[in-house]
**Q** 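My structure is below; once you've seen it, I'll send some questions.
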Amino acid sequence: TEAELELLDGITAGTAAANKAVVLDGSKNIATIGTIGSGAITSSGTIQGTTITATTAFVPDASDGAALGTTALEFSDLFLADASTIQFGADQDVTITHVADTGILLNGSSKIQFTNAAESIHSDGSKLILTSNSVAFSLPTADGSSGQTLVTNGSGVLSFAAASAN
């Protein structure tokens, strides 16, 4: 019986002690268990702790198989190391990389879109391309001279030219 085990090992229901029997309390809780060394822990309920440490990775059970947070329980802050990446897509085709003391880098030909594809900013490797209302404007690759203004060639290519009096 529970009473016999408590007497035998000198423990109280709902507590744990080194090299002693474990006796659960009426709600099957163990209050003083401390660190548990084990293999996989499987639960149909909630696993909770003040700090949960992963030594290698924290992964979902399948690709696209879990969310981080919910619509009602959001995380607050995200802390990533220098040179860390955020990778999007099943084949990680879009990445954002932290460039230490500089900012973030969007990979390859990826774009930052606003509302939809008709509004975006991207680079072709030599210049910025701003798209507004599906019209792409290519910015000049050098700055202009004093008194010059930005002009268009009518096809979305912007360049510096002398200001003309109209």
**Q** Evaluate whether atom CG of D64 has more than 12 neighbouring non-hydrogen atoms of other residues, nucleotides or ligands under 6.0 angstrom away.
**A**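 For D64, atom CG is not crowded (no more than 12 foreign heavy atoms under 6.0 Å).
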**Q** Decide if atom CG of D91 counts as having more than 12 heavy atoms of other residues, nucleotides or ligands within a radius under 6.0 Å.
**A**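 It does: D91 CG has more than 12 such atoms within range.
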**Q** Which heavy atom in S120 sits nearest to a heavy atom in K111, and how many Å separate them?
**A** OG-CD, 3.8 Å
**Q** What are the two closest non-hydrogen atoms of G65 and D61, and how far apart are they?
**A** O-OD1, 3.6 Å
**Q** Taking all non-hydrogen atoms of both residues into account, name the closest pair between S123 and G125 and its distance.
**A** OG-N, 3.0 Å
**Q** So do L68 and F75 actually touch side chain to side chain, heavy atoms under 4.5 Å?
**A**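 Yes, side chains in contact.
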**Q** Run Q48 and T46 through side chain to side chain donor-acceptor pair (under 3.5 Å) and show every step you take.
**A** CA-CA 6 Å; Q48 182 177 355; T46 300; over 6 Å; no
**Q** Measure from the side-chain N and O atoms of N133 to the backbone N and O of V135, and report whether any donor-acceptor pair falls under 3.5 Å.
**A**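 Answer holds: no.
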**Q** I'd like to know if the side chain of E119 and the backbone of A117 have a donor-acceptor N/O pair within less than 3.5 Å.
**A**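 Such a contact is absent between E119 side chain and A117 backbone.
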**Q** Does any non-hydrogen side-chain atom of D124 lie less than 4.5 Å from one of I129?
**A**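 With C-beta onward as the side chain, the pair touches.
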**Q** Any donor-acceptor pair under 3.5 Å linking the side chain of H98 with the backbone of S84?
**A** no
**Q** Determine whether Q113 and T131 make a side-chain contact, defined as any pair of heavy atoms from C-beta on separated by less than 4.5 Å.
**A** no
**Q** Under a 4.5 Å side-chain heavy-atom rule over Ile, Leu, Val, Met, Phe, Trp and Tyr, are V99 and I86 clustered together?
**A** no
**Q** Can you tell me if I104 has over 12 outside heavy atoms packed within less than 6.0 Å of its CD1?
**A**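 Counting other residues, nucleotides and ligands, CD1 of I104 stays at 12 neighbours or fewer.
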**Q** Just by distance, do the side chain of S155 and the backbone of V157 share a donor-acceptor pair under 3.5 Å?
**A** no
**Q** Looking only at heavy atoms, what is the nearest atom pair of G147 and A163, with distance?
**A**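 Answer, listing the atom of G147 first, then A163: O-CB, 3.5 Å.
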**Q** State, with a plain yes or no, whether a side-chain heavy atom of L130 is found less than 4.5 Å away from one of L139.
**A** yes
**Q** I'd like to check S110 versus H122 (side-chain heavy atoms, cut-off strictly below 4.5 Å). Are they in contact?
**A** no
**Q** Supply the atom-to-atom distance T95 OG1 to F88 CZ, rounded to the nearest 0.5 angstrom.
**A**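 Reported to 0.5 Å precision, the distance equals 9.0 Å.
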**Q** How many angstroms lie between CG in L158 and CG in L128, if you round to the nearest 0.5 Å?
**A** 11.5 Å
**Q** Within the 4.5 Å heavy-atom criterion, are V151 and S159 side-chain neighbours or not?
**A** yes
**Q** Side-chain contact, heavy-atom cut-off 4.5 Å: I52 with F58?
**A**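 When only atoms from C-beta onward are counted, F58 and I52 do not touch, as no gap falls below 4.5 Å.
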**Q** Can you list the steps and then say if L106 with I112 is a side chain to side chain contact (heavy atoms under 4.5 Å, CB included)?
**A** CA-CA 8 Å; L106 187 64; I112 297 175; 3.7 Å; yes
**Q** What's the spacing between S145 OG and F160 CZ if we round to 0.5 Å?
**A**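 It comes to 9.0 Å.
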**Q** Provide the closest heavy-atom pair for V94 versus N107 in the form atom of the first, atom of the second, distance.
**A**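 Closest approach of V94 to N107, heavy atoms only: CA-OD1, 3.4 Å.
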**Q** When you compare the side chain of P140 with that of L150, does any pair of heavy atoms fall below 4.5 Å?
**A**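 When only atoms from C-beta onward are counted, P140 and L150 do touch, with a gap below 4.5 Å.
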